[in-house]
Amino acid sequence: MNVPPSAAPASARRRARVRAPELVGKGGWLNTGGTELTLADLRGRIVILDFWTFCCINCLHVLDELRELEEAHRDTVVVVGVHSPKFVHEAEHQAVVDAVERYGVHHPVLDDPELATWKQYAVRAWPTLVVIDPEGYVVAQHAGEGHAHAIGRLVEELEAEHGAKGTLRRGDGPYVPPEPEPTDLRFPGKALVLPSGNLLVTDTTRHQLVELEPDGETVVRRIGDGERGLVDGPAQKARFSEPQGLAPLPGTGRIAVADTVNHALRAYDPATGEVTTLAGTGRQWWQGSPASGPAREVDLSSPWDLAWWADRLWIAMAGVHQLWAYDPEAGTVSVAAGTTNEGLVDGPADQAWFAQPSGLAAAGDRLWIADSETSALRWVERDGEGFAVRTAVGTGLFDFGHRDGAARQALLQHPLGVTALPDGSVAVCDTYNHALRRYDPATGEVTTLATDLREPSDAVLVGGGAGAGGDAGVEDILVVESARHRLTRLRLPEEAVRVESVAHRTRREATGVAPGRLRLDVVFQAPPGQKLDTRYGPSTRLLVSSTPPELLADGAGQGTDLARELVLADGVTEGVLHVSAMAASCDDDPSTEYPACHVHQQDWGVPVRVTADGASRLPLVLAGMDEGEDGGGA
């Protein structure tokens, strides 16, 4: 088992003196006031590189984890985001500019659309954090989330070490905030038609709800004071953190709100203006935490959308790739579908795999789902006494594009919203294609309804009406154009828009591996002052699968050892290894009665190509530095 001793001294952990490669990216720098940064400019500071891509929920979690660390060490630490795209849309510079504002990124960001710096640092997964000391050497690498505590301890060590050496430089960092834009909405997320006919919209970046008149433009009132936080109370004092989904709670007059970054389910009462908390503790759910129980006592993870269906409120729990359900009568929450494994697997609800479910719509006997990271449209239906998950459009984590036609070969690109239409079909906000698509279950066909919609994230049906330029009683569709900061009214067309088909596959350099046996090592070093948490059994978990499944003749499945012998099948020359790892560590101080514990976890999708001269070992760094890796630079 490739887990070094948990109490390894800092000197051993940083034994390899590897010079950090330069930071280069064709897209240039953001949040620097136009200055092009180099590592020489940052010499004397502790630099944390955050390799992220804005589609990735784990990357968004890391952004939130880093906020407190940035504030606590702002005179010694410079966080640099290195944006490395997965989807084609994420390689567009303006999309990165938008994402940096949308998610409140308050540090310099390098736009690296060609993954130049990603390759120099031998990064294999989003997110990955790399720590560079004040002398310009790589001292640690962490993949996944849950590492803020360990990095904080390392920062304190580096401050003491380099303060004593005289190599630490304190002062203001290079972050220059952009000028704020005076729009009524800023990156709105989801919308809902109120009984009054007015619209309620989540104004995500401003941490508010906004009520609009039926024209979708005139502001009636704002709910929330606009500051990030988790505060109940009257509308003018309540606080949210990047709210997203909305759904009415039947029989109550209240609206449920997916308060995404607070990891909470809130309620807003339009009659009184009061905001309350229905579910969640404000803490993020981690593996091993309770997944059911009293709603206010169970942690949630980035709830993104909501829908009332089958006598309960369903929650698209994007942060753990599951659907949960809230029962208001019992006051409980519980997992309704999904295993927390990321991918596209249909079947009984408790065995299905999702990948960031981000949109929900109830329609009779089906609950439709926009499963964003698999670029898929899926649904839940009753199956005997339980539920089952099916897929209408989409094939997995790596194939996406814009292609109409038969659903089995149609392609989407990271959809975030889904809307049930009166004729039984479904409208899909095909977010990264800037399009509104339609799937008709009766024909099995996918068509395009509209294009040139900048990052549509949700849509609601509204009455046409003479004032809207349509006929009374005829329904239009109001689309949330998130990156244009507005709602756009469309008449549902009778004919589809013709769009030239494009297909893409996530392009990352494949790792050459030798045929036959392949040793997989997930490298994990418990942070200094911590040890593996074995109080309740094994502290590590490893899950391995592949695309295509035939790639692995042996070695797939789940276990507790972070090392495994895989056997590649004869005749399969390329594919993707899916690796999910988790490790738990606790403070190693015998005098502490209740030590603080931390969970470190990450999913990898590693493209591999079988070649005669390929490697026989595949190391993946969960935390620490692998002695077989050089950190990516010379």
Side-chain angles (χ1 to χ4, degrees), residues 52-65 86-87 90 99 102-103 126-127 144-146 187 189-190 202 204 240-247 256-266 279-280 283-287 289 291 298-307 313-326 333 335-344 349 352-361 367-378 380 389 394 397 412-418 428-429 431-432 455 457-458 480 482 580 601-603:
W52 69 299
T53 189
F54 63 78
C55 72
C56 165
I57 192 66
N58 309 93
C59 297
L60 303 186
H61 289 166
V62 168
L63 287 177
D64 295 317
E65 289 177 7
K86 171 187 173 181
F87 289 97
E90 293 176 303
R102 182 195 302 268
Y103 297 116
W126 299 279
E145 51 183 303
F187 298 103
K190 306 287 186 180
T202 48
T204 302
F240 302 91
S241 187
E242 299 181 27
Q244 285 284 346
L246 301 165
V257 182
D259 196 4
T260 304
V261 176
N262 275 328
H263 309 296
L265 191 63
R266 314 288 293 284
R283 298 183 300 270
Q284 182 183 341
W285 186 92
W286 290 100
Q287 292 286 353
S289 301
V298 177
D299 300 339
L300 309 182
S301 184
S302 298
W304 206 276
D305 203 9
L306 307 168
L313 186 70
W314 289 66
I315 307 167
M317 203 71 78
V320 286
H321 317 299
Q322 290 180 311
L323 304 181
W324 286 38
Y326 167 66
V333 291
V335 175
T339 64
T340 76
N341 296 326
E342 184 178 12
L344 194 155
W353 292 20
F354 297 94
Q356 288 179 219
S358 303
L360 298 176
L367 177 68
W368 292 99
I369 308 153
D371 201 28
S372 63
E373 278 292 280
T374 55
S375 297
L377 172 65
R378 308 175 73 184
V380 178
V389 178
L397 287 164
L412 308 170
Q413 185 180 181
H414 197 82
L416 290 179
V418 61
V428 180
C429 286
T431 309
Y432 288 2
E455 292 194 18
S457 56
D458 196 21
V480 179
S482 188
S580 177
Q601 61 186 42
Q602 174 61 8
D603 296 331

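Sequence positions, counted from 1, serve as the residue numbers for this chain.
With hydrogens and angles disregarded, no donor-acceptor distance shorter than 3.5 Å links the side chain of Q601 to the backbone of G144. Listed for the Q322 side chain is a donor-acceptor partner under 3.5 Å among the backbone atoms of G338. Proximity of a side-chain donor or acceptor of T204 to a complementary backbone N or O of P243 within less than 3.5 Å is detected. Using a distance-only test at 3.5 Å, with no hydrogens or angles considered, no donor-acceptor pair links the side chain of T374 to the main chain of L397. Under the 3.5 Å distance criterion, the side-chain polar atoms of D305 are matched with a main-chain donor or acceptor of L360. In this structure, H321 contributes its side chain and Q356 its backbone to a donor-acceptor pair below 3.5 Å. Side-chain N or O atoms of D603 include none that pairs as donor or acceptor with a backbone N or O of S580 at under 3.5 Å.
P357 and A318 make their closest contact through O-CB, 3.5 Å (heavy atoms, listed as atom of the first residue, atom of the second, distance). Taking each heavy atom of E342 and A355 in turn, the nearest pair found is CG-CB, 3.6 Å. Here the shortest heavy-atom pairing between G189 and V480 reads O-CG1, 3.8 Å. V418 approaches A370 most closely through the heavy-atom pair CG1-N, 4.1 Å. In plain terms, the two heavy atoms of P127 and C56 that are nearest each other are CD-SG, 4.3 Å. When every heavy atom of R378 is checked against every heavy atom of D371, the shortest pair comes out as NH1-OD2, 3.0 Å.
To the nearest 0.5 Å, atom CG of residue L323 and atom CZ of residue F354 are 4.0 Å apart. Between atom CD1 of residue I57 and atom OG of residue S301 there is a gap of 7.0 Å, rounded to the nearest 0.5 Å.
For the pair C429 and L416, the minimum side-chain heavy-atom distance is 4.5 Å or more. With contacts defined as side-chain heavy-atom distances shorter than 4.5 Å, the pair H61/S302 qualifies. Using a 4.5 Å heavy-atom cutoff, the side chains of Q244 and S358 are not in contact. Side chains of M317 and L300 form a contact here, defined as non-hydrogen atoms less than 4.5 Å apart. Side-chain contact check for C55 versus S372: every heavy-atom pair is 4.5 Å or farther apart. Side-chain atoms of L377 and P415, non-hydrogen and from C-beta on, never get closer than 4.5 Å to each other. For the pair W324 and V298, the minimum side-chain heavy-atom distance is below 4.5 Å.
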**OP:** Start with the C-alpha distance between N58 and W126, add both sets of side-chain angles, then the distance that settles side-chain contact (heavy atoms from CB on, under 4.5 Å), and finish with yes or no.
**Re:** CA-CA 8 Å; N58 309 93; W126 299 279; over 6 Å; no

**OP:** Please assess W286 against D299 for the test side-chain contact (heavy atoms from CB on, under 4.5 Å), listing each intermediate value before the final yes or no.
**Re:** CA-CA 8 Å; W286 290 100; D299 300 339; 6.0 Å; no

**OP:** Would you sort out whether H263 and W285 count as a side-chain contact (heavy atoms from CB on, under 4.5 Å), showing the intermediate values?
**Re:** CA-CA 8 Å; H263 309 296; W285 186 92; over 6 Å; no

**OP:** Kindly determine whether F54 and K86 satisfy side-chain contact (heavy atoms from CB on, under 4.5 Å), including the steps that lead there.
**Re:** CA-CA 9 Å; F54 63 78; K86 171 187 173 181; over 6 Å; no

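If you check the side chains of E65 and Q284, you find no donor sitting under 3.5 Å from an acceptor. The closest side-chain donor-acceptor pair between E90 and T53 falls under 3.5 angstrom. Side-chain contact, S289 with R283: no donor N or O sits under 3.5 Å from an acceptor N or O.
A side chain to side chain contact (heavy atoms under 4.5 Å, CB included) with L265 is found for one member of V257, L306, D259 and no other, namely L306.
Under a cutoff of 6.0 Å and an axis angle of 45°, R266 and F240 form a cation-pi pair.
Taking the six-membered ring for Trp and thresholds of 30 and 60 degrees, H414 and Y432 have nearly parallel ring planes, at less than 30 degrees apart.
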